[in-house]
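Right, one structure below, let's go through it.
Computed from a predicted structure; not experimentally measured.
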Amino acid sequence: MKPGRESVEALLAADEEEAERIVRELGFEDALRLLVEWPAWVHVGQEPPEGEDWRVCLMLGGRSYGKTRAGAEWISQLARDHPGAQIALVAANVDEARRVMVEGPRSGLLAVARPGEALIWEPSRKRLEFASGAVASLFSGAHADGLRGFEHHFAWCDELAKWRQAQGAWDNLMFGLRLGDNPRALVTTTPKPIAALREIVGGEGTVRAGGPSAANPHNGRVWLGAMKRQHEGTRLGRQELGGELIEDLEGALWEREMIEKRRVGRLACDRPLTTVVVGVDPPASVEGTCGIAVCGLDPEGLGHVLADCSVSGLSPEGWARKVAAAAEAWRADRVVAEANNGGKMVEAVLRGADVNLPVRLVHAAEGKVARAAPVAALFESGRAWFAGRFPALEDELCGLTWDGRYHGPGTSPDRADAMIWAMTELMLGPACAEPRIRRL
């Protein structure tokens, strides 16, 4: 077997005994070459695009995605290809630039140097000289003025979302990134919705790379499994594991921080409920999404989002059966469905699917904001809670803004509408019939 991508894939799939056999078959020289052959180890999203007209590559990745290794390999290759180049290494502070970007034990610039490459590292001068004569200088994102007056061919910015003076440091870096025919910067960071990062995302000449923690095949399964169980579906998990840049829109009715404050575990909501309602927002076409949300009211008068059972791409009979299943699973008291798309047909379809509960049809006579704002106020005041994690529903809720427009995923907030109908019925609509206590 020759050293290359095939060898790496075989090693990753092998047990210890098989891995030893593969290394023996390669021989010492080829095994050593494979160890430092970055193209053989790189995974999707770890390389900036080749041959494209870009100035900044923004690599947003989850924890342990391999951002630092990708940055160090990119800079190392540029140093080989451009003797004498001036390179900026910028981190949250100079100490992190030294410990992570230069001296990192597995992913720093010293660690990824090829055998025979003589690098001269001068910590006191914050200066790393490559074998080609290219020089990298260390800077701090906490001191924006420290980047004034310097000119560079290339820059690597690590964990920009942590920089204390991110906007000022970035601006000064860009003013000085003007040497050579094609000056470029690579930003490797776990995303946070800071202003500087938002500006880079929308900037001219910016391309995207990166991916989730799970994309790195070298991550320990135990660690990754534990992190997923603890954080998957939360804003923190999507940011730190998924590498997603999750922003709050200006004027959003629901903000991410508010949602997290109003989240309880499923077990915390396993208390007697007086009323359970299934909200339904039927799709306008077979290709659309049928919003199906289950909400419940507890004896203290607090509302809880219990489940998002929404489905896409089903016929009326298909999504009606899903409504029936949700009603049965949660022992619902009634179903409330928007009647704008089909009117009486909605009730007929639900009856045909054995929904033997009171079905109340509601008409969307008011705009989405008028319907959503009172429900958002319930969450803000602590009268309504999320009993679990509902990423798709939460994304839609955060896309509803006071200007009356929807800015979230898809073309319509079907899941959000279903939840709003259910919560309105529970807490803002007509009084319930005789309440009953049940334990789910």
Side-chain angles (χ1 to χ4, degrees), residues 58 60 161 166-167 189-203 208 231-264 279 281 288-289 291-295 302-308 310 312 338 362 364-428:
L58 178 60
L60 299 179
Q167 191 64 64
T189 187
T190 300
K192 290 183 180 179
I194 65 171
L197 199 54
R198 286 198 297 266
E199 183 176 309
I200 295 171
V201 170
R208 296 277 292 270
H231 300 295
E232 193 168 38
T234 66
R235 179 180 186 172
L236 181 65
R238 293 176 63 186
Q239 174 180 286
E240 301 294 320
L241 297 177
E244 296 182 46
L245 180 60
I246 304 174
E247 301 184 65
D248 284 324
L249 295 169
E250 185 176 351
L253 292 173
W254 276 265
E255 294 184 347
R256 304 281 178 178
E257 184 178 356
M258 185 263 280
I259 288 177
E260 293 299 336
K261 287 180 179 179
R262 295 292 178 259
R263 192 188 307 282
V264 293
D281 182 51
T289 296
I292 306 171
V294 184
C295 297
L302 301 179
H304 301 268
V305 179
L306 304 172
D308 174 13
S310 305
S312 301
E338 183 176 323
V362 289
E366 300 174 310
K368 292 186 185 297
V369 169
R371 299 196 307 274
V375 177
L378 294 174
F379 286 89
E380 286 183 315
S381 65
R383 294 179 58 202
W385 296 77
F386 294 91
R389 301 165 180 168
F390 312 101
L393 168 61
E394 293 165 23
D395 282 350
E396 291 190 0
L397 291 172
C398 291
L400 294 169
T401 58
W402 285 103
D403 63 10
R405 293 182 292 173
Y406 174 60
H407 304 269
T411 58
S412 177
D414 309 289
R415 300 167 187 267
D417 279 344
M419 188 278 284
I420 290 166
W421 286 126
M423 199 62 77
T424 299
E425 179 74 6
L426 275 176
M427 305 186 70
L428 302 171

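Residues Glu260 and Arg256 are not paired through a salt bridge, judged by the lack of any N-O separation under 4.0 Å between the basic side chain and the carboxylate.
Across all their heavy atoms, Glu255 and Cys398 have their closest contact at C-SG, 4.3 Å. The two residues Leu253 and Ala376 come nearest to each other via the heavy atoms O-CB, 3.7 Å. Counting all heavy atoms, side chain and backbone alike, Leu306 lies closest to Cys295 at CD1-C, 4.0 Å. Nearest heavy-atom pair across Ile420 and Leu400 is CD1-CD1, 4.1 Å. Heavy-atom minimum distance, Glu396 versus Ser412: OE2-O, 3.9 Å. The heavy-atom pair separating Ala196 from Ala166 by the smallest distance is CB-CB, 3.9 Å.
Distance alone, capped at 3.5 Å, places no donor-acceptor pair between the Thr189 side chain and the Leu60 backbone. A donor-acceptor pair is defined here as one N or O able to donate and one able to accept, closer than 3.5 Å; no such pair exists between the side chain of Arg263 and the backbone of Trp385. The backbone N or O of Phe390 sits less than 3.5 Å from a side-chain atom of Glu394, completing a donor-acceptor pair. Although no hydrogens or angles enter the test, the distance criterion places no donor-acceptor pair under 3.5 Å between the side chain of Arg262 and the main chain of Phe386.
Residues Leu197 and Lys192 form no side-chain contact, since every pair of their non-hydrogen atoms from C-beta on lies 4.5 Å or further apart. Looking only at side-chain heavy atoms (C-beta outward), Trp421 and Val375 stay at 4.5 Å or farther from each other.
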Derivation of the side chain to side chain contact (heavy atoms under 4.5 Å, CB included) call for Leu397 and Arg415: CA-CA 8 Å; Leu397 291 172; Arg415 300 167 187 267; over 6 Å; no

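Partner of Arg371 under the side-chain contact (heavy atoms from CB on, under 4.5 Å) criterion, chosen from Asp417, Val362, Leu428, Thr424: Asp417.
Interatomic distance, Met419 CE to Leu393 CG, rounded to the nearest 0.5 Å: 5.5 Å. Thr190 OG1 to Leu241 CG: the interatomic distance, rounded to the nearest 0.5 Å, is 9.5 Å. Atom CZ of Arg208 sits about 11.0 Å away from atom CD1 of Ile200, to the nearest 0.5 Å. Between atom CZ of residue Arg383 and atom CG of residue Leu378 there is a gap of 5.0 Å, rounded to the nearest 0.5 Å.
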